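Accompanying notes for the structure given below.
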Amino acid sequence: MIKGKENQLNSNQVRIFKTSTSDAPNKKRVESKTDQTRDNQMKKELSAKADNKTHSNGKTEMSQKAHSAKSEESSAAKKSNELMPPPKPPVQIKSTESDHSQKQECSNVKQECKKSSGEKSEEKKEKRKWAITDFDIGKPLGKGKFGNVYLAREKSSKFIVAMKVLFKEQIIQADIEHQVRREIEIQSHLRHPNILRMYGYFHDESRVYLILEYAPKGELFKELNAQPHKRFDEIRAATYISQLADALRYCHARKVIHRDIKPENLLLGVNGELKMADFGWSVHAPSSRRETLCGTLDYLPPEMVNGQTHDHTVDLWGVGVLTYEFLVGQPPFLAKSYDETYNKIRKASYKCPSHVSDGARDLISKLLVVKPELRLSLDGVLNHFWIVEKRLTQPTTQESKKRS
């Protein structure tokens, strides 16, 4: 019985298993259907989210584009405002008087600009540094101990000058650097019709160049020696002495002492006027007395021969010696030896030949005085009766001296 039940059970079980196995594909179909629905729902949800994201992203992109467009429009507006010219003010009708005053102001401004530009150009010219290549060098005009003088022409202006060339080596060997420097400083500042003008100077490695006024008629010394008996007539002598005294008066007013008056240092200009030159021994000595022994022996005054101090009155003595030489043909203290010359100078011992007039003798005697303070002044020379009677030119006035 039991075995039969077991068999029954087994058969029932088999049936159950068979039914279960037969229902399995249906279950799988149901599960697959549910899975598909789930997948479809998931896809729908994901697509909805994606749509939301794209929608939101699109909004942001649109907002960004709109914002950038607004910024571009604002910048374009700014640029357009910057590029646009300012509004023109309304035209106002002014009176003719105001127009005339404005024109005058404009003309005044233009004139001031022209003046300032002219002054600047003059300053540039003054500051210009010369070179030997700026000049055409011509024939020699004279020779000296430390250099030579040549005729020269400035290339751009064709202006004729005299070029004094000094050799540095000789200047250094003679120890006269201070003398050359002093000559340049003094002569370049003097402006007088009877003083040779110095226009400028420059130098290179071996030479010093002085740009001087050209005196066409040369040295007075040569002119004197070319005369009969090597002397001038009284009219010519008085004219030269008057011009020299006038030039020295100009120098003394500026505290400049020449100290080397002699025919070799005097030139003749284009009109035959006297030109005082060669300020190598000159000195600017305001209110002081010098102790240097300088100048040419025949023209030395007693105070310098005796080794005493001296002042501007040494030039008065030189005028007296020159007046004598113009009229006689030789210096008044000429002797065979230096010692005899020194002794004559100390005593002011000289003799005038018979052909010298009384007026000329009077002038010479008032200048060749041993005591410097007793010598005739330059104003006295210019107003001396012999000078006034014989001279052919008049001295410069006080106004011209102040201007110069």
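For clarity, every value in this text was computed on a predicted model and none was experimentally measured.
In plain terms, the two heavy atoms of A215 and L267 that are nearest each other are CB-CB, 3.8 Å. Here the shortest heavy-atom pairing between S242 and P395 reads OG-CD, 4.5 Å. Across all their heavy atoms, V328 and P353 have their closest contact at CG2-CD, 3.5 Å. The minimum heavy-atom distance between F326 and A237, with the atom names listed, is CB-CB, 3.9 Å. Scanning all heavy atoms of the two residues, the minimum distance from A348 to V370 falls at CB-CG2, 3.7 Å. Heavy-atom minimum distance, L220 versus P263: CB-O, 4.0 Å.
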Subject >> Step-by-step side-chain contact (heavy atoms from CB on, under 4.5 Å) determination, Y214 to V161 >> reply: CA-CA 5 Å; Y214 174 54; V161 297; 5.5 Å; no
Original post:
Could you walk me through whether F146 and F167 pass the ring pair (Phe, Tyr, Trp, His ring centres under 6.0 Å) check?
Top reply: CA-CA 6 Å; F146 304 106; F167 297 99; over 10 Å; no
**OP:** Before giving the answer on side-chain contact (heavy atoms from CB on, under 4.5 Å), spell out for S206 and K168 the whole-Å C-alpha distance, their side-chain angles and the decisive distance to 0.1 Å.
**Re:** CA-CA 5 Å; S206 59; K168 287 185 176 180; 5.7 Å; no
**OP:** Mind running side-chain contact (heavy atoms from CB on, under 4.5 Å) on W130 and Y201 for me, showing each step along the way?
**Re:** CA-CA 7 Å; W130 295 103; Y201 71 96; over 6 Å; no
**OP:** Please step through side-chain contact (heavy atoms from CB on, under 4.5 Å) for the pair W386 and S357, ending with a clear verdict.
**Re:** CA-CA 9 Å; W386 180 76; S357 66; 3.5 Å; yes
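Ring geometry, Y350 versus Y324: the interplanar angle exceeds 60°, so the pair is classed perpendicular (tilted spans 30 to 60°). Using a 30° and 60° split on the angle between ring planes, H252 and H312 fall in the perpendicular class, above 60°.
A donor-acceptor distance shorter than 3.5 angstrom exists from the side chain of E273 to the backbone of N271, with no hydrogens or angles considered. The backbone N or O of Y250 lies less than 3.5 Å from a partner atom in the side chain of R254, making a donor-acceptor pair. Using a distance-only test at 3.5 Å, with no hydrogens or angles considered, a donor-acceptor pair links the side chain of H258 to the main chain of A277. Checking side-chain atoms of D315 against main-chain N and O of R259 turns up a donor-acceptor pair under 3.5 Å. No side-chain donor-acceptor contact under 3.5 Å links K344 to the backbone of D339. Not a single donor-acceptor pair under 3.5 Å links the side chain of T341 to the backbone N or O of L334. At distances below 3.5 Å, not a single donor-acceptor pair connects side-chain atoms of N265 with backbone N or O atoms of K262. A side-chain donor-acceptor contact under 3.5 Å links R391 to the backbone of L382. A distance-only check finds a donor-acceptor pair linking the side chain of N306 to the backbone of P302 [under 3.5 Å].
Note that the CD1 atom of I171 and the CD1 atom of I176 stand 5.5 Å from one another [nearest 0.5 Å]. We find the CZ-CZ distance between R236 and R231 to be 14.0 Å, quoted to the nearest 0.5 Å. Distance check: L274 CG to L244 CG gives 6.0 Å after rounding to the nearest 0.5 Å. The distance from atom CZ of R361 to atom OG1 of T323, rounded to the nearest 0.5 Å, is 14.5 Å. In this structure, D246 CG and T396 OG1 are separated by 3.5 Å, a value rounded to the nearest 0.5 Å. From E325, atom CD reaches atom NZ of K230 across 10.5 Å, with rounding to the nearest 0.5 Å.
For the residue pair T313/D311, the side-chain donor-acceptor check at 3.5 Å is satisfied. When only modelled atom types and interatomic distance are considered, D362 and H384 share a side-chain donor-acceptor pair under 3.5 Å. With 3.5 Å as the limit, one finds a donor-acceptor pair spanning the side chains of Y209 and D204. A donor-acceptor pair shorter than 3.5 Å can be found between the side chains of Q243 and T393. R346 and Y342 are not linked by any side-chain donor-acceptor pair at a separation below 3.5 angstrom, with hydrogens and angles left out of the test. Under the 3.5 Å distance criterion, with hydrogens and angles disregarded, a donor-acceptor pair is assigned to the side chains of S156 and E154.
Counting heavy atoms from C-beta on, the side chains of L196 and Q187 come closer than 4.5 Å. A heavy-atom distance below 4.5 Å is not found between the side chains of L316 and L376. K155 places a side-chain heavy atom less than 4.5 Å from the side chain of D136. For the pair I235 and Y240, the minimum side-chain heavy-atom distance is 4.5 Å or more. A heavy-atom distance below 4.5 Å is not found between the side chains of R181 and E183. When side chains are defined from C-beta on, L367 counts as touching V381, because their heavy atoms get closer than 4.5 Å. Residues Q308 and M304 have side chains not in contact (no heavy-atom distance under 4.5 Å, counting atoms from C-beta outward). Residues R153 and F135 are not in side-chain contact: their nearest non-hydrogen atoms beyond the backbone lie 4.5 Å or more apart.
A salt bridge links R249 and D379; the closest N-O separation between the charged side-chain nitrogens and carboxylate oxygens is under 4.0 Å. Between K217 and E223 no salt bridge is recorded (no basic side-chain N to carboxylate O distance below 4.0 Å). Here R375 pairs with E303 in a salt bridge; the nearest charged N to carboxylate O distance falls below 4.0 Å.
A distance of 6.0 Å or more separates the ring centres of Y299 and W317.
Geometrically, R197 does not engage Y199 in a cation-pi contact, judged by NZ or CZ lying under 6.0 Å from the ring centre and within 45° of the ring axis.
When the options N148, V208, D278 are evaluated for a side-chain contact (heavy atoms from CB on, under 4.5 Å) with K164, the one that passes is D278.
In the displayed structure, Y338 atom OH is contacted under 6.0 Å by at most 12 heavy atoms of other residues, nucleotides or ligands. The number of heavy-atom neighbours closer than 6.0 Å to CD of Q173, taken from other residues, nucleotides and ligands shown, is above 12. The number of heavy atoms from other shown groups lying within 6.0 Å of NE2 (H178) is above 12. Other residues, nucleotides and ligands contribute over 12 non-hydrogen atoms within 6.0 Å of the NE2 atom of H355.
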